[in-house]
Trainee: 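Dumping the structure here so I can ask a few things about it.
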Amino acid sequence: MSTLKRVYVTRQIPPEGLRILRESGQVQMDLWDSDDVPVPREELLRQVRGVDGLVCVLTEKIDTELLDAAGPNLKVLSTMSVGFDHLSLEELKKRGIRVGYTPDVLTDSVAELTVALLLATSRRLIEATHEAKTGGWGTWRTLWLCGHELANSTVGILGLGRIGVAIAERLAPFKVKKFIYADVAPRPELASVIGAEYVSFDELAERSDFLAICCALTPETKEICNKHLFSKMKNTSIFINTSRGGVVNQEDLYEALATGQIAGAGLDVTVPEPLPTDHPLFTLKNCVILPHIASASHTTRNAMSAMAANNLLQGLRGEPMIKELHP
Ligand SMILES: O=C(O)[C@H](O)CO
């Protein structure tokens, strides 16, 4: 009888992770062999039947239905993501299923992209290239395409963790005057790295010239960025979200951008994803929307896939994982 553990991988993850799984000699792996199309739900429910381990990405909802379909053999779930709002943690815990995820390895890439998005939004780069390409570039004009600069600004971070610190470290050389942050509790150790001041949620909104959203999506943070927050922000402020779309009330954000309540927004994440091309946010010049690419560098995606594979194998061996979520 084979001692290989049965594993299903819900996406063609980057090569490093697949290599680790294939060469482990530990698993018999089935794979949804596409990166372009997520595994259809029906197919997923069929494929997970009786598996010992599952590697997923953030497009798969790991909920009661799926765990019921998998059955009692399932002992380890490994998600190739730092975010875990697609997982029913309570249900996983109840069933004693161990959960691996991939923090840290993506911090640099996400921080880098956040800075790029912030600059693209505040200095109106997308509008500017569009104007240059489509004949809007007349004479040099004194106030045309003026944006907002980081020098002497106050940068606010909602949810100070590894990524927020990494963003601040990258922004500091732009001569930011002050970093402030809000969170459920002060994070003195992390804050001291970037000299950030702990403030209330309202103060964060009122004082930030740039507001970077870095908190996880949880029931507490769902749509926490809504008209209350936007109404307290300055009309010169830039709002940047690279965490999860669900932390923002998009109708309220649209209103704030369309009425000039805030100056601009850069979003790498939306609800839903993909955001329909006829969504009102796409009509706004002061809203830059990216298709969830914050961790999308070759190095990082391979590192995430390797970590997801190693987490799974360690979990199946009953060893500590490199990065395990303890719900
Ligand atoms: O949760 C994550 O890992 C990011 O959103 C995608 O890399």
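Index from 1, following the sequence. Ligands are counted one by one from 1 in listed order, and the atoms in each one are counted from 1 as well.
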Trainee: Is there a side-chain contact between V110 and T114, using heavy atoms and a 4.5 Å cut-off?
Mentor: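 Side chain of V110 against side chain of T114, heavy atoms only: contact under 4.5 Å found.
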Trainee: Can you list every ring pair (Phe, Tyr, Trp, His ring centres under 6.0 Å) pair that touches residues 38-69, not counting sequence neighbours?
Mentor: none
Trainee: Any ring pair (Phe, Tyr, Trp, His ring centres under 6.0 Å) pairs touching residues 257-306, not counting sequence neighbours?
Mentor: none
Trainee: For ligand 1, list the protein residues that place a heavy atom within a distance below 4.0 Å of one of its atoms, sorted by chain and number.
Mentor: L58, S81, V82, G83, L106, R244, H292, S295, M304
Trainee: Does R207 have any salt bridge (Lys or Arg N to Asp or Glu O under 4.0 Å) partners at least two apart in sequence or in another chain, and if so, which?
Mentor: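 R207 satisfies salt bridge (Lys or Arg N to Asp or Glu O under 4.0 Å) with E197, E203 once adjacent residues are dropped.
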Trainee: Hey, are the side chains of E43 and R46 touching, using non-hydrogen atoms and a 4.5 Å cut-off?
Mentor: yes
Trainee: Should the ring pair H228 and F201 be called parallel, tilted or perpendicular, given that the plane angle runs from 0 to 90° and is split at 30 and 60?
Mentor: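 Ring orientation of H228 relative to F201: parallel.
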